[in-house]
2 protein chains.
Amino acid sequence: MKEMTIKDLTEILKEKNVKPSLQRLKILEFLFKANNHPTVDEIYSALIKDIPTLSKTTVYNTLNVLIESELVKVVNIENTESRYDAIPEEHGHFKCRQCGKIYDFHFDMNLIDSQVPPGFIVSEKDVFFKGICRECLNNNI
Amino acid sequence: MKEMTIKDLTEILKEKNVKPSLQRLKILEFLFKANNHPTVDEIYSALIKDIPTLSKTTVYNTLNVLIESELVKVVNIENTESRYDAIPEEHGHFKCRQCGKIYDFHFDMNLIDSQVPPGFIVSEKDVFFKGICRECLNNNI
DNA sequence: TACTATTTTGTAATGATTATAAGTTTATTA
DNA sequence: TAATAAACTTATAATCATTACAAAATAGTA
Ligand SMILES: [Mn+2]
Ligand SMILES: [Mn+2]
Ligand SMILES: [Zn+2]
Ligand SMILES: [Zn+2]
């Protein structure tokens, strides 16, 4: 995702009626910059350098606030711990069983709309693939 | 799923080189009969009546054995606890945000094969929808 | 029967997440 | 500006699903 200034981030939060505290700005900034779907622990470990008083509870609280305002989505492709994603565009997720990396890939959710059972209203769609990524396949040769 | 005799179940386990103990037979039978993707707790609570000595650890152990032999799949549509599914056919899952029920629906996974990123090998595909089910929509009128 | 391998069980440990209450900062009012 | 209230952050404890571990029970074999 493109570079975001603190001013940009402040504006994004204000639009959602979320007060732009330092913690919220830094967590949102980190998620926009991240491309690896970080866990709570990874977010906390990265930001504790900037904000030495940061608490892990704040990371949890903030993520829930960001999720409620639809700026962040949870990625539950694995059952061990939740991962977080601030990419607004719909996309699919691929988890490599060897290196563990979670890839984004372009996915047109309209393709699967026709499969929604009749009479049901769908507000969220997730597509998860698992297997071996290209990089691991190349390394295994 | 159609009725399964203990003899049928024994045969299924033997084919996978899994010894057909009472606990394994009963857990597999329960999963074949269930259509609601039960949790470990639900499996345990249901079977403790039949097998008073049953331990929750055995439920976990057995499920892992059944998963390794590909008789059972984990459904991680929610991050709170894992659910288990013994339906062998590929299908999608819909979770109702109101009543919490998890529905199966027919889904042709071939539809989405073209979206797999090139060079990646996919061994598992999951499609999760969330929203409001037909029953809840009717009740809300 | 005696021995061995496998399975089951109870208990303790782990680890992610939530609950709670106190401390700190920010906003509002007088 | 000082006092007060509201919102936010923090530390700590509690919860709960899952795993680790070792002993007990069972099944298989010679
Ligand atoms: Mn993503
Ligand atoms: Mn299912
Ligand atoms: Zn990989
Ligand atoms: Zn419903």
Side-chain angles (χ1 to χ4, degrees), chain A residues 6 9-10 13-14 16-30 37-69 71-85 100 102, chain B residues 6 9-10 13-14 16-30 37-69 71-85 100 102:
Chain A
I6 292 297
L9 295 162
T10 303
L13 288 176
K14 277 188 178 168
K16 297 285 186 178
N17 291 315
V18 175
K19 290 194 186 170
S21 70
L22 174 68
Q23 289 84 347
R24 287 169 176 175
L25 286 167
K26 286 292 186 182
I27 290 172
L28 186 58
E29 180 187 41
F30 183 77
H37 310 90
T39 64
V40 163
D41 220 66
E42 286 164 353
I43 298 168
Y44 173 79
S45 302
L47 295 183
I48 190 74
K49 296 155 195 160
D50 281 320
I51 314 171
T53 61
L54 185 64
S55 157
K56 208 174 271 188
T57 303
T58 301
V59 179
Y60 277 105
N61 290 342
T62 301
L63 287 169
N64 286 331
V65 168
L66 296 177
I67 288 164
E68 273 166 37
S69 36
L71 288 169
V72 167
K73 279 192 62 177
V74 189
V75 179
N76 272 323
I77 196 170
E78 46 198 343
N79 53 354
T80 48
E81 49 190 344
S82 293
R83 293 178 167 274
Y84 300 87
D85 191 338
I102 294 173
Chain B
I6 292 297
L9 295 161
T10 303
L13 287 176
K14 276 187 179 169
K16 298 284 186 178
N17 292 314
V18 176
K19 292 194 186 170
S21 69
L22 174 67
Q23 289 84 346
R24 288 169 176 174
L25 287 167
K26 285 292 187 183
I27 289 172
L28 186 58
E29 181 187 41
F30 184 77
H37 311 88
T39 63
V40 163
D41 219 66
E42 287 164 354
I43 298 167
Y44 174 79
S45 301
L47 294 184
I48 190 74
K49 296 156 195 160
D50 281 320
I51 314 170
T53 61
L54 185 65
S55 156
K56 208 173 271 188
T57 302
T58 301
V59 180
Y60 277 104
N61 290 342
T62 301
L63 286 170
N64 286 332
V65 168
L66 296 176
I67 288 165
E68 273 166 37
S69 37
L71 288 169
V72 167
K73 278 192 63 177
V74 189
V75 179
N76 273 322
I77 196 170
E78 48 197 342
N79 53 357
T80 47
E81 51 192 342
S82 293
R83 294 178 167 273
Y84 300 87
D85 191 339
I102 295 173

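By convention in this document, chain letters (A, B, ...) are assigned in the order of the sequence lines, proteins followed by strands, and residues within each chain are numbered from 1. Only a predicted model underlies this, so the values are computations on that prediction, with no experimental measurement involved.
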ask   = Which is true for A:Thr80 with a 4.0 Å heavy-atom rule: it touches a base, it touches only sugar-phosphate, or it touches nothing?
value = sugar-phosphate

request  = Calculate, to the nearest 0.5 Å, the distance between atoms CG and NZ belonging to A:Leu9 and A:Lys14 respectively.
outcome  = 12.5 Å

request  = Any chance you could measure B:Leu28, atom CG, to B:Leu25, atom CG, to the nearest 0.5 Å?
outcome  = 7.5 Å

remark   = CG of A:Leu47 to CD of A:Glu29, rounded to nearest 0.5 Å, is 8.5 Å

Rounded distance in Å - NZ (B:Lys19) to P (D:dA27) = 11 Å

query = Between D:dG28, C:dT17, C:dT18, which one does the side chain of A:Ser82 approach most closely?
reply = C:dT17

task = Please state how far atom CZ in A:Arg24 lies from atom C1' in D:dT9, giving the value in whole angstrom units.
result = 10 Å

ask   = Over how many whole Å does the gap from B:Asn64 atom CG to C:dT7 atom C1' extend?
value = 14 Å

key: Nearest-angstrom distance from the residue atom CD of A:Glu68 to P of D:dC8   = 12 Å

inquiry  = Can you tell me if B:Gln23 touches the phosphate of C:dT9, counting only side-chain N or O atoms and a distance under 4.0 Å to OP1 or OP2?
reply    = yes

task = Starting at CG of B:Leu66, measure out to CG of B:Leu71 and round the result to the nearest 0.5 Å.
result = 6.0 Å

ask   = Looking at side-chain heavy atoms only, is the closest gap between A:Tyr84 and A:Val75 below 4.5 Å?
value = no

query = Can you check the A:Asn76 CG to D:dA17 P distance for me, whole Å?
reply = 16 Å

inquiry  = One thing to verify: whether A:Arg83 and A:Glu42 come together as a salt bridge, which I'm taking to mean a side-chain N less than 4.0 angstrom from a carboxylate O.
reply    = yes

task = Rounded off to whole Å, could you give me the CG-to-P distance for the A:Asn17 and D:dC8 pair?
result = 11 Å

message = I'd like to know if the side chain of B:Arg24 and the backbone of B:Lys19 have a donor-acceptor N/O pair within less than 3.5 Å.
response = yes

task = Grab the CD-C1' distance between A:Glu81 and D:dT19 for me, whole Å please.
result = 15 Å

ask   = For the pair made of CD in A:Glu78 and C1' in D:dA17, what is the distance, rounded to whole Å?
value = 16 Å

key: Donor-acceptor pair, side chain of B:Ser55 and main chain of B:Thr57, under 3.5 angstrom   = yes

request  = Specify the residues of residues 51-62 of chain B, ordered by number, for which at least one heavy atom lies under 4.0 angstrom from an atom of DNA chain C.
outcome  = B:Thr53, B:Leu54, B:Ser55, B:Thr57, B:Thr58, B:Asn61

request  = Report the C-alpha distance between A:Ser82 and A:Asn76 in whole Å, list the side-chain angles of each, state the deciding distance to 0.1 Å, and finish with yes or no for side chain to side chain donor-acceptor pair (under 3.5 Å).
outcome  = CA-CA 5 Å; A:Ser82 293; A:Asn76 272 323; 3.2 Å; yes

query = Which of residues 40-49 of chain A have a heavy atom under 4.0 Å from DNA chain C?
reply = none

